[in-house]
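Single-structure report; data block below.
Side chains are part of it too, since the values below use all heavy atoms of this structure and drop only hydrogens, waters and symmetry mates. Along the sequence shown, residues are numbered consecutively beginning with 1.
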Amino acid sequence: MDDPQILDLIKELVVRLLSPTGSPSRIAADELPRALRFAHRLLSSCMAPSIAPDELAMAESIKRQMASSGRSSEALAFADLHTKLSARSAAPGAIRNRWALLYLLKSLSDSRRRETLLTSPANIGLPALPLDPQPSHQSPTAAKKFLPPSGGILLVSKDPENIREIALREYADLVMDESEATESAIVRDILFVCQGIDGRYVRFDKMANCYDLPESLKLPRAMKTMVRKLCELGWLFRKVRGFITESMSCFPAEEIGTVGQAFCSALQDELSDYYKLLAVLESHSSNPIPTPGSISGVPGNYLSMRRLQVWLAEPTVRMRLMAVLVDGCRALRGGAMAGAIHEQAHHGDPLVQDFMGRLLLRACSPLFEMVRSWVLEGELEDMFSEFFIQSQAVKAEALWQEGYQIQAAMLPSFISPSLAQRILRTGKSINFLKVCCEDTGWAAAASEAAAHVGKTTRRGGIVYGETDALEALVVEAAKRIDSHLLNVIHKHYRFKDHCLAIKRYLLLGQGDFVQYLMDIVGPELSEPANTISSFQLAGLLETAIRASNAQYDDHDILDRLKVKMMEHSDGDRGWDVFSLEYDARVPLDTVFTAIVMKKYLKIFNFLWKLRRVEHALVGVWKMMKPNSIISCIFTKEGASVKTQFVSILRRCQVLWNEMNHFVTNFQYYIMFEVLEVSWAHFSEEMDAARDLDDLLAAHDKYLNSIVEKSLLGERSLGIFKILFDLFDLILRFRRHAERWFESIFELQQRGRGKSRTKNKEHGSWLDGGRKAIMQQAGQFLKLMSEDLDKIAKEYSTSLDAFIYQLPMQQHVDLKFLLFRLDFTEYYTRLSPSK
């Protein structure tokens with residue numbers, strides 16, 4: 001209203017209302033300024049009428065009023081003027097709020113016709129306004145007698161008798177009569193309660209665990225209900241503040257941890273904003289609350305119960321969220337607490353999402369710092385066991401397998417299990433390089449990974465909400481660090497060379513070395529186990545290495561090959577306790593652990609016995625070859641003995657052929673279809689491995705494949721027992737063959753000795769001596785035939801049982817072994833019932 005033109009128009013309107021002739025000279029000197037001040041104040045107020053703004057309805061009302069009062073010509077003139085005014089609505093400077101103008105003119109017209117209670121000349125056009133302050137010696141009741149019925153308020157509603165105003169005043173008086181406490185006092189108490197402090201009327205009831213009013217306090221029911229609703233905020237604040245106080249007083253206890261401390265700090269920051277709001281409300285509460293029908297001039301920033309309810313609506317929502325989080329996180333810590341807070345962030349309300357985002361950003365900062373430190377530095381900064389990765393004190397050889405594990409209870413829901421496994425492996429790789437390999441190249445790989453994804457290696461580089469960035473950093477760091485680790489394992493520590501050395505020596509792949517070793521240690525191993533010196537066997541091993549192509553291997557590899565004597569019991573021979581071992585040092589012992597080396601020892605013992613059986617059959621063949629027995633006396637003397645001897649010898653040859661057929665084919669299966677095929681697959685997987693876990697998995701698969709295909713697994717215990725029975729029968733056949741042919745050669749030597757005492761007169765053998773030898777030979781051959789039949793029968797039974805159980809094995813490669821053993825279907829036709 002600073003426009004001079006508007007001020008002039010208002011003055012002209014006031015003059016026309018105060019003077020019927022429209023002349024300012026007819027108005028009292030002090031009356032015009034007072035009326036102008038009232039008009040300015042009235043037009044500057046924010047009062048709104050109680051009817052809907054409708055321009056056409058207001059124009060029709062004015063026309064009907066003029067027509068009903070007998071002023072039809074004026075009604076027509078008004079209609080014409082209103083039409084012209086509406087037509088100029090789009091012109092520059094046109095009146096926009098035409099309805100308000102019509103309403104004001106109608107109200108002023110109605111007020112001029114209304115009879116006033118006061119006799120002031122100003123009441124001709126404008127209602128009287130008490131501009132001067134009320135004398136202090138007058139009582140409020142006396143002052144009311146000098147106020148107009150409207151109390152200085154322009155009657156602009158459909159209440160010509162001012163009934164609504166009178167009812168509001170009576171209601172205010174009734175409320176004051178029913179209340180023992182003013183609304184201002186209750187508001188102040190509520191502000192105290194919101195700070196966790198008891199007020200004058202509102203206090204905390206420990207029995208009911210809530211804030212409430214005394215039962216004796218006289219207040220309207222609606223006010224009591226509103227007080228109880230507003231006091232919920234104080235109860236929630238008390239819970240949140242109690243949690244913060246309790247938690248911070250216990251820090252640095254393990255039950256709280258750094259995540260709990262960060263959570264309390266975030267809650268404290270939210271309470272700081274809450275305190276600022278309470279300070280503003282406290283300043284507003286010092287202003288008086290206007291009552292219905294009170295005089296104008298009351299400041300607009302007062303604080304009533306309803307205004308307080310509006311002010312505290314949003315803080316109540318936030319405090320309720322904090323109370324829910326406090327209840328849910330009271331027994332949690334670390335990653336579990338961060339996950340519980342994250343679960344509450346799944347909400348559709350933007351206010352709740354923004355609030356939970358701020359809270360999680362602060363609460364999860366220690367957790368993300370642990371992730372950053374672990375992935376990029378390999379450091380586990382977890383004083384209170386809050387991280388989802390837990391370390392254990394183990395030896396260097398068990399660092400990779402047992403040193404670090406994932407705590408599922410501490411894994412927050414915003415980190416997937418696959419990402420957690422990758423985080424675990426990345427940090428393990430760094431620690432493995434530092435502790436086991438004594439390598440420092442991982443630092444450059446970690447820096448390159450962080451630079452590649454645009455993140456810094458310093459603290460605070462990763463925060464909550466950047467899950468994609470975290471995953472990208474972990475993936476890139478894992479790729480680079482794992483690649484560096486495999487490069488160190490293969491090039492610096494020659495992992496593949498050591499695997500090949502184990503294959504050649506422990507899995508008996510170096511044929512000339514194995515054959516020479518068996519030849520020179522055979523006599524020694526035939527002795528009782530308790531009489532054999534491991535030092536002597538170590539010397540024989542060194543001799544076998546120097547006498548074979550093994551001498552050209554790397555000295556570091558040959559130095560790791562040692563003789564090992566297993567525990568023995570009474571009756572054990574050297575064959576039963578002899579074995580070779582390979583010394584896998586750090587960091588290779590991460591792959592070749594004690595359990596793995598036990599599997600290699602089990603495979604070695606099996607292969608060693610297989611080679612021993614083959615060696616035994618070769619020895620039997622040497623004894624039974626024709627040039628060894630061609631000069632036997634049984635082939636020259638005695639037709640019955642000769643026939644018996646040739647028959648037994650032929651049966652020995654047949655049995656030897658059967659045993660040799662089985663051993664040769666089984667050994668071919670083991671050496672080529674098991675060891676070589678498994679090694680070829682392992683070599684491919686070894687080259688394709690992307691990390692140490694892949695390398696370990698490939699080696700375990702290689703070793704398990706050998707165990708399963710060689711019938712050494714738990715599912716092959718039955719057929720494995722039969723196989724060892726066959727081996728024992730072959731060795732038993734070797735022992736019997738040695739005894740048989742030793743006895744034969746002894747008889748041969750005795751017969752030759754007798755022949756030197758030939759009688760010159762008769763020209764013949766001594767009849768008694770020759771007959772005794774032939775009789776003894778016949779008995780020996782009979783016993784030899786019985787033993788041979790027994791061995792052949794037991795061997796045939798065991799072999800049939802072995803072939804019968806082969807198709808029942810799980811591994812498909814064992815079917816090829818069956819095909820090789822029975823490619824003519826001889827055993828199938830021999831035992832059709834099976």
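Sorted by first and then second residue, the pairs that involve residues 705-739 and meet ring pair (Phe, Tyr, Trp, His ring centres under 6.0 Å), not counting sequence neighbours, are F720-F724, F724-F727, H736-W740. Screening residues 513-543 for ring pair (Phe, Tyr, Trp, His ring centres under 6.0 Å), with sequence neighbours left out, gives Y505-F513. Applying the salt bridge (charged side-chain N to carboxylate O under 4.0 Å, His left out) definition to pairs two or more places apart or across chains, none involves residues 589-607. Applying the salt bridge (charged side-chain N to carboxylate O under 4.0 Å, His left out) rule to pairs touching residues 662-686 yields K503-E676, E685-K701, sequence neighbours excluded.
Ion pairing between a basic and an acidic side chain is recognised when a charged N comes within 4.0 Å of a carboxylate O; R494 and D554 show such pairing. Using a 4.0 Å cut-off between a side-chain N of Lys or Arg and a carboxylate O of Asp or Glu, R560 and E581 do not qualify as a salt bridge. A salt bridge links R732 with E794; the closest basic N to acidic carboxylate O contact falls under 4.0 Å. Salt bridge status for E438 with K434: absent, with no side-chain N to carboxylate O gap under 4.0 Å.
Around the CD1 atom of I595, the shell of radius 6.0 Å holds no more than 12 heavy atoms that belong to other residues, nucleotides or ligands. The 12-atom threshold is not exceeded at CZ of R422, counting heavy atoms of other residues, nucleotides or ligands nearer than 6.0 Å.
A donor-acceptor contact shorter than 3.5 Å links the side chain of D572 to the backbone of S569. A donor-acceptor pair is defined here as one N or O able to donate and one able to accept, closer than 3.5 Å; no such pair exists between the side chain of S716 and the backbone of I719. Although no hydrogens or angles enter the test, the distance criterion places no donor-acceptor pair under 3.5 Å between the side chain of R504 and the main chain of Q510. Formation of a donor-acceptor pair under 3.5 Å by the Y493 side chain with backbone atoms of C437 is found in this model. Between the side chain of S483 and the main chain of K479, no donor-acceptor pair closer than 3.5 Å is present. Between the side chain of S796 and the backbone N or O of A792, no donor-acceptor pair lies under 3.5 Å. Looking at T590, its side chain does come within 3.5 Å of a backbone N or O of P587 through a donor-acceptor pair. Between the D576 side chain and the R573 main chain, a donor and an acceptor come within less than 3.5 Å of each other.
The heavy-atom pair separating L617 from W656 by the smallest distance is O-NE1, 2.8 Å. Summarising the geometry of I648 relative to L788, their closest heavy-atom pair is O-CD2, 3.8 Å, with the distance given to 0.1 Å. The two atoms that bring I603 and V707 nearest to each other are CD1-CG2, 3.9 Å, heavy atoms only. Closest of all the heavy-atom pairs between A478 and R425 is CB-NH2, 4.0 Å. When every heavy atom of L506 is checked against every heavy atom of L580, the shortest pair comes out as CD2-O, 3.4 Å. Closest of all the heavy-atom pairs between R585 and D583 is NE-OD2, 3.2 Å.
With rounding to the nearest 0.5 Å, the separation of CG in L675 from CG in L607 is 6.0 Å. The structure places CG of L799 at 12.0 Å from CG of D725, a figure rounded to the nearest 0.5 Å. The CD atom of E614 lies 4.0 Å from the CD atom of Q667; values are rounded to the nearest 0.5 Å.
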Query - side chain to side chain donor-acceptor pair (under 3.5 Å) between N487 and H492, worked out - result: CA-CA 8 Å; N487 186 59; H492 188 268; over 6 Å; no
Query raised in the report: Should E786 and K790 be marked as a salt bridge (Lys or Arg N to Asp or Glu O under 4.0 Å) after you check the CA-CA gap, both sets of side-chain angles, and the distance that decides it?
Result: CA-CA 6 Å; E786 292 176 356; K790 186 176 181 181; over 6 Å; no
Requested in this report: Start with the C-alpha gap between D693 and W400, add the side-chain angles, then the distance that decides, and say whether side chain to side chain donor-acceptor pair (under 3.5 Å) holds.
Outcome: CA-CA 9 Å; D693 280 335; W400 184 268; 2.8 Å; yes
Requested in this report: Any chance you could lay out the side chain to side chain donor-acceptor pair (under 3.5 Å) test for H661 and N665, step after step, and finish with the verdict?
Outcome: CA-CA 6 Å; H661 168 74; N665 283 279; 3.1 Å; yes
Requested in this report: Run the numbers on E402 and K395 for salt bridge (Lys or Arg N to Asp or Glu O under 4.0 Å), then give the verdict.
Outcome: CA-CA 9 Å; E402 303 173 5; K395 296 181 180 179; over 6 Å; no
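A centroid separation of less than 6.0 Å is found between the aromatic rings of F592 and H699.
Every residue meeting the side chain to side chain contact (heavy atoms under 4.5 Å, CB included) condition with T531, not counting sequence neighbours, appears here in chain and number order: E527, P528. Not counting sequence neighbours, the partners of K496 by the side chain to side chain contact (heavy atoms under 4.5 Å, CB included) test are S683, M686, D687.
F682 has its side chain out of reach of S678: every pair of non-hydrogen atoms, C-beta onward, lies at least 4.5 Å apart. Residues H615 and D519 form a side-chain contact, since some pair of their non-hydrogen atoms from C-beta on lies under 4.5 Å apart. Within the 4.5 Å cutoff, the side chain of Y582 has heavy atoms near those of the I557 side chain.
Ring orientation note: the planes of F662 and F802 are nearly perpendicular, at an angle over 60° on the 30°/60° scale. The aromatic rings of F604 and W608 sit parallel to each other, their planes meeting at less than 30°, with 60° as the upper class boundary.
Taking the ring axis of W575 as reference, the NZ or CZ atom of K609 does not stay both within 45° of it and closer than 6.0 Å to the ring centre.
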